[in-house]
Amino acid sequence: ITGQDKSGIFYSKLSRYLPAGGEILDIGCGDGSFLNLAKKGFNCTGIEISEYLGSLARRQAGIRIIIGDFFTADLAPGKFDGITLISLLEHLDHPEDAVKKCFDLLNPGGILLIKTVNYGCVNRSLRKENWTGFRVPDHVVYFNPSNLKRLLERIGFSRIKISAWPFSDNMYCDAWK
């Protein structure tokens, strides 16, 4: 996974796990960069709370963009084959509520892909308060592989794969409904 851009990592995973033409949702889609790549193989929807970033994302042809709050967005349960949370979970005051809503939005057998900072990495222990994962006030919650896995299991995900390397500040998680 290292040495590849985030969009490429997530597109590669979705291509491996889902059939072409599947419905995907990118929560916190920013300027739509990932969805612009993902539209090559999938039907794409993005949601972005920032009006400015959402307007940039809407410039990407072939992508449905919702500007607003994910928690209040009117999205149909069981609609999506794949959902991505790319560098978002650590920004949420209520990450468990977000993951639960993702679970409800996924089709049976659907997949949730997450990238978040890894509080359990060696770099945090070595760098202490200078760790790059500490971004006050933007990062409000931190996960390590074990507490992220417990959260996903508690919500009902049936299979969970977490990739975390000791010196990487980030971890990736693939969770199936």
Side-chain angles (χ1 to χ4, degrees), residues 1 6-7 9-19 21-30 34-35 38 41-50 54 64-121 124 133-135 137-166 168-177:
I1 289 181
K6 285 189 292 189
S7 293
I9 291 167
F10 282 87
Y11 180 70
S12 176
K13 286 181 176 220
L14 288 171
S15 296
R16 209 170 39 239
Y17 298 144
L18 300 176
E23 294 288 336
I24 64 165
L25 173 66
D26 184 24
I27 302 165
C29 69
F34 165 66
L35 293 173
F42 302 98
N43 294 316
C44 298
T45 301
I47 186 160
E48 175 55 51
I49 199 165
S50 162
R64 177 178 174 236
I65 300 296
I66 301 164
I67 298 174
D69 188 333
F70 168 65
F71 291 106
T72 59
D74 186 23
L75 296 163
K79 176 176 177 21
F80 297 98
D81 302 304
I83 297 177
T84 57
L85 295 171
I86 305 172
S87 301
L88 177 75
L89 205 55
E90 62 271 21
H91 295 269
L92 301 177
D93 290 325
H94 304 286
E96 186 165 357
D97 294 343
V99 173
K100 174 68 171 107
K101 184 166 183 176
C102 289
F103 185 85
D104 293 342
L105 292 172
L106 283 169
N107 290 324
I111 188 162
L112 174 64
L113 300 178
I114 300 170
K115 175 190 175 282
T116 189
V117 294
N118 179 8
Y119 190 79
C121 73
R124 187 198 50 82
F134 289 134
R135 294 197 190 135
D138 296 327
H139 292 180
V140 296
V141 65
Y142 295 91
F143 290 96
N144 61 44
S146 62
N147 67 9
L148 180 58
K149 184 176 184 193
R150 282 193 308 272
L151 169 68
L152 293 162
E153 288 172 338
R154 188 170 54 246
I155 288 170
F157 285 91
S158 62
R159 192 175 89 170
I160 300 160
K161 176 186 170 199
I162 296 179
S163 302
W165 298 272
S168 176
D169 294 326
N170 298 300
M171 63 180 164
Y172 293 81
C173 176
D174 309 348
W176 287 264
K177 182 174 180 177

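The structure presented is a predicted model; accordingly, all values stated were derived computationally and were not measured.
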Could you measure the distance from the [atom1] atom of [X] to the [atom2] atom of [Y]? Nearest 0.5 Å is fine.
X: Leu14; Y: Ile9; atom1: CG; atom2: CD1; result: 12.0 Å
X: Asp26; Y: Thr84; atom1: CG; atom2: OG1; result: 3.5 Å
X: Ser7; Y: Ile86; atom1: OG; atom2: CD1; result: 6.0 Å
X: Phe157; Y: Cys173; atom1: CZ; atom2: SG; result: 8.5 Å
X: Ile83; Y: Leu106; atom1: CD1; atom2: CG; result: 4.0 Å
X: Asp174; Y: Ile111; atom1: CG; atom2: CD1; result: 4.5 Å

Looking only at heavy atoms, what is the nearest atom pair of [X] and [Y], with distance?
X: Ile65; Y: Cys29; value: CD1-SG, 3.9 Å
X: Ala38; Y: Cys44; value: C-SG, 3.7 Å
X: Gly68; Y: Ile47; value: O-CG1, 3.7 Å
X: Ala175; Y: Ile160; value: CB-CG1, 4.2 Å
X: Ser50; Y: Ile67; value: O-CG2, 4.2 Å
X: Met171; Y: Phe143; value: CE-O, 3.4 Å

For residues 69-81, which side-chain donor-acceptor pairs fall under 3.5 Å, sequence neighbours excluded?
{"residue": "Asp69", "atom": "OD1", "partner": "Phe71", "partner atom": "N", "Å": "2.8"}
{"residue": "Thr72", "atom": "OG1", "partner": "Asp69", "partner atom": "O", "Å": "3.3"}
{"residue": "Asp81", "atom": "OD1", "partner": "Asn107", "partner atom": "ND2", "Å": "2.7"}
{"residue": "Asp81", "atom": "OD2", "partner": "Glu23", "partner atom": "N", "Å": "2.7"}

Answer yes or no: is there a side-chain heavy-atom contact under 4.5 Å between [X] and [Y]?
X: Asn118; Y: Asn144; value: yes
X: Phe103; Y: Lys177; value: yes
X: Val99; Y: Leu89; value: yes

Can a donor-acceptor pair be found, under 3.5 Å and without considering hydrogens, that links the side chain of Ser158 to the backbone of Trp176? yes
For a side chain to side chain contact (heavy atoms under 4.5 Å, CB included) check, start with the C-alpha distance between Leu151 and Glu96, then their side-chain angles and the critical distance, and finish with the verdict. CA-CA 7 Å; Leu151 169 68; Glu96 186 165 357; 3.4 Å; yes
Side chain to side chain contact (heavy atoms under 4.5 Å, CB included) evaluation trace for Ile24 with Phe10: CA-CA 11 Å; Ile24 64 165; Phe10 282 87; over 6 Å; no
Pair Asp104-Lys100, salt bridge (Lys or Arg N to Asp or Glu O under 4.0 Å): steps then yes or no: CA-CA 6 Å; Asp104 293 342; Lys100 174 68 171 107; 2.8 Å; yes
